[in-house]
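Only one structure is covered here, and it is reproduced in the block below.
Whatever order the structure lists ligands and atoms in, that order sets their numbers, starting from 1. Numbers for residues simply follow the sequence, beginning at 1.
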Amino acid sequence: MTRIFSGIKPTGHLTLGNYLGAVRQWAEVDQHRAESLFSVVDLHALTVDHDPGRVRRLSRQAATLLLASGIDPERATVFVQSHVDEHARLSYLLECVATDGEMRRMIQYKEKSALERARGGSVRLSLLTYPVLMAADILAYGADEVPVGDDQVQHVELTRDLAVRFNQRYGHTFVVPRATYPKVAARVMDLQDPTSKMGKSGDVGAGIVYLLDEPDVVRKKILRAVTDSGSEVEYDREGKPGVANLLEIFAACEGGSPEDLSGVYESYGALKKDTAEAVVEVLRPVQEKHKELVADPAYVEEVLRRGAERARGMSRPMVDTAYRAIGLLPPVNEEL
Ligand code: AMP
Ligand code: TRP
């Protein structure tokens, strides 16, 4: 059976981009067709300036939102990355396979480190090595597929390269995974700046729809979205990025394609109004379920406990095999 792994970082509140680009696909499609693991990858949240209490709160919230989005813990394994030691164990081995140059070429590293330096801050070493930890997340489970948004393409490519290189040098150990993307909304853009990604950690929230935003807040943000010059509703990502983003969000919520929908609207105002309502309706059941789950924290904790136990059982043999293959001596009481 196909195995799927994906993860989400608790660096901020989950956004509509996370949902349409990744989580909805995990809940509606992936968990039904494959053996799936979905992880709150909290170790990745420590690569940038962080507040410990906030990371804890956001980790719990992200796990709750995965369940509220319809991920069924009877079908999929839902767990917190730091509860399973194998990720960090394997990451070190992969650091011995990856190169310094390869890491420095990662687009996300270049962007985030430049931003950090421009702010006068320092760049954590873990920001550079983070894609290796991500590769370890995936390879530890022998995942075949990694459903992600568009921004993770390069990291999954790196994961493939590391798997192939390790296998060539030390004997066949890892499955070489491939990335999968949603048909529309693989990259939801910021409503106030439609040339950049709608990201969790945007400084101002005006261009970002959060999964837990109240309906009126969602409406306000979408109605105030930046649109483009002219007045014709056309799907043109280059020429009309604001309108194209709204069309993609609308299509992802309602079904259909952004091209077809563009023919239906005469004005930006009408498109915004319908997009806002479509988003409110998509978020409604998730928010309702979230409310129920928040009232029952013991349930969420039990899901995470069982998830970590299952994940440990799945990853341990693979990581042990990699330790042996790369030349590490087994502990004395273990057989060769
Ligand atoms: P992150 O928030 O960076 O941990 O991302 C979790 C998942 O959501 C990854 O698969 C991302 O590719 C996806 N994702 C994040 N932001 C967006 C966005 N604006 N549009 C589409 N997918 C996104
Ligand atoms: N790097 C991913 C992101 O920023 C999160 C992530 C960490 C991930 N480990 C993963 C995604 C493994 C897929 C598989 O969105």
Side-chain angles (χ1 to χ4, degrees), residues 3-27 30 36-48 55 58-59 61-63 65-66 69 71 79-82 84 86-88 90-91 94 106-109 111-112 126-127 129-160 162-163 177-202 207-211 241 245 248-249 252 311 315:
R3 195 176 276 183
I4 282 181
F5 183 97
S6 203
I8 191 151
K9 288 192 305 261
T11 42
H13 296 284
L14 264 66
T15 71
L16 184 65
N18 291 131
Y19 186 69
L20 297 179
V23 178
R24 187 175 65 166
Q25 176 95 358
W26 304 349
D30 296 328
S36 305
L37 294 115
F38 301 115
S39 182
V40 176
V41 286
D42 53 351
L43 296 173
H44 290 279
L46 311 183
T47 55
V48 287
V55 170
L58 289 173
S59 297
Q61 189 190 65
L65 277 169
L66 291 183
S69 302
I71 292 173
F79 70 103
V80 174
Q81 181 192 31
S82 65
V84 180
E86 306 312 318
H87 298 246
L90 181 56
S91 184
L94 297 176
M106 293 290 121
I107 295 163
Q108 233 178 44
Y109 171 72
E111 285 176 358
K112 287 194 181 173
S126 55
L127 188 68
T129 55
Y130 143 103
V132 176
L133 178 59
M134 174 164 165
D137 299 338
I138 299 166
L139 299 182
Y141 296 92
D144 306 281
E145 291 182 20
V146 187
V148 282
D150 193 63
D151 59 326
Q152 296 302 315
V153 182
Q154 204 189 19
H155 294 159
V156 180
E157 279 304 310
L158 172 81
T159 304
R160 292 169 59 85
L162 297 182
R178 65 183 186 89
T180 60
Y181 318 97
K183 280 191 205 73
V184 270
R187 182 178 284 255
V188 176
M189 308 307 271
D190 189 291
L191 297 171
Q192 291 299 316
D193 173 14
T195 54
S196 44
K197 188 184 81 161
M198 183 185 283
K200 285 201 215 89
S201 31
I208 307 167
V209 174
Y210 294 102
L211 286 197
N245 190 34
E248 286 200 16
I249 292 172
S315 53

Report task. Determine, step by step, whether Asp137 and Gln81 satisfy the side chain to side chain contact (heavy atoms under 4.5 Å, CB included) criterion, reporting the C-alpha distance in whole Å, the side-chain angles of both residues, the deciding distance to 0.1 Å, and the verdict. Result -> CA-CA 8 Å; Asp137 299 338; Gln81 181 192 31; 2.8 Å; yes
Query raised in the report: Would Ser82 and Asp42 count as a side chain to side chain donor-acceptor pair (under 3.5 Å) if you check the C-alpha gap in whole Å, the side-chain angles of each, and the deciding distance to 0.1 Å?
Result: CA-CA 6 Å; Ser82 65; Asp42 53 351; 2.6 Å; yes
Report task. Would you please test Tyr130 and Val41 for side chain to side chain contact (heavy atoms under 4.5 Å, CB included) and show each step? Result -> CA-CA 11 Å; Tyr130 143 103; Val41 286; over 6 Å; no
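The Gln152 neighbourhood of ligand 1 comprises atoms 12 (O), with distances under 4.0 Å to a heavy atom of that residue. Per-residue contacts place Gly21 under 4.0 angstrom from the following atoms of ligand 1 (heavy atoms of the residue considered): 21 (C), 22 (N). Under a 4.0 Å criterion applied to the non-hydrogen atoms of Ile8, ligand 1 contributes the atoms 4 (O), 6 (C). Every atom of ligand 1 is numbered from 1 in the order shown, and the set under 4.0 Å from a heavy atom of Asp151 is 11 (C), 12 (O).
Using a cutoff of 4.0 Å between basic side-chain nitrogens and carboxylate oxygens, Asp190 and Lys197 are not scored as salt-bridged.
Note: Tyr141 and His87 have tilted aromatic rings, judged against thresholds of 30 and 60 degrees for the angle between ring planes.
Side chain of Glu145 to main chain of Pro177: no donor-acceptor pair is present (N/O by atom type, distance under 3.5 Å, no hydrogens or angles). Side chain of Thr129 to main chain of Val132: no donor-acceptor pair is present (N/O by atom type, distance under 3.5 Å, no hydrogens or angles). Side-chain atoms of Trp26 come within 3.5 Å of backbone atoms of Pro147 as a donor-acceptor pair (strictly under, hydrogens ignored). Judged by distance alone, the side chain of Lys200 and the main-chain N or O of Pro10 form no donor-acceptor pair under 3.5 Å. Asn245 places no side-chain N or O within donor-acceptor distance of the main-chain N or O of Pro194, the cut-off being under 3.5 Å.
For a threshold of 3.5 Å applied to N or O pairs, the pair formed by Lys200 and ligand 1 contains at least one separation below that value. For ligand 1, the polar-atom distance check finds an N/O of Gly149 within less than 3.5 Å of one of the ligand's N/O atoms. Looking at Ala22 next to ligand 1, no N or O pair under 3.5 Å apart turns up. By the 3.5 Å distance cut-off applied to N or O atoms, Gly199 is not counted among the residues near ligand 1.
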Expected list for residues 179-189: side-chain donor-acceptor pairs under 3.5 angstrom, two or more places apart:
from	atom 1	to	atom 2	distance (Å)
Arg187	NE	Asp150	OD2	2.7
Arg187	NH2	Asp150	OD2	3.2

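Checked by atom type, the side-chain pair Tyr109/His155 shows no donor-acceptor distance below 3.5 Å.
Of the protein's non-hydrogen atoms, the one nearest atom 3 (O) of ligand 1 is Lys9 NZ, 3.2 Å. For atom 20 (N) of ligand 1, the nearest protein heavy atom (residue, atom name, distance) is Val188 N, 2.8 Å. Closest to atom 14 (N) of ligand 1, if we only count protein heavy atoms, is Asn18 ND2, 3.7 Å. The nearest protein atom to atom 23 (C) of ligand 1, hydrogens excluded, is given as Gly17 O, 3.4 Å; this is a heavy-atom distance. In this structure, the protein non-hydrogen atom closest to atom 21 (C) of ligand 1 is Ala186 O, 3.1 Å.
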Measure from every N or O atom of ligand 2 to the protein's N or O atoms and keep only the pairs below 3.5 Å, writing each with atom names and distance to 0.1 Å.
from	atom 1	to	atom 2	distance (Å)
ligand 2	1 (N)	Tyr130	OH	2.4
ligand 2	1 (N)	Gln152	OE1	3.1
ligand 2	4 (O)	Lys9	NZ	2.7
ligand 2	4 (O)	Tyr130	OH	2.9
ligand 2	4 (O)	Gln152	NE2	3.1
ligand 2	9 (N)	Asp137	OD2	2.7
ligand 2	15 (O)	Gln152	NE2	3.2

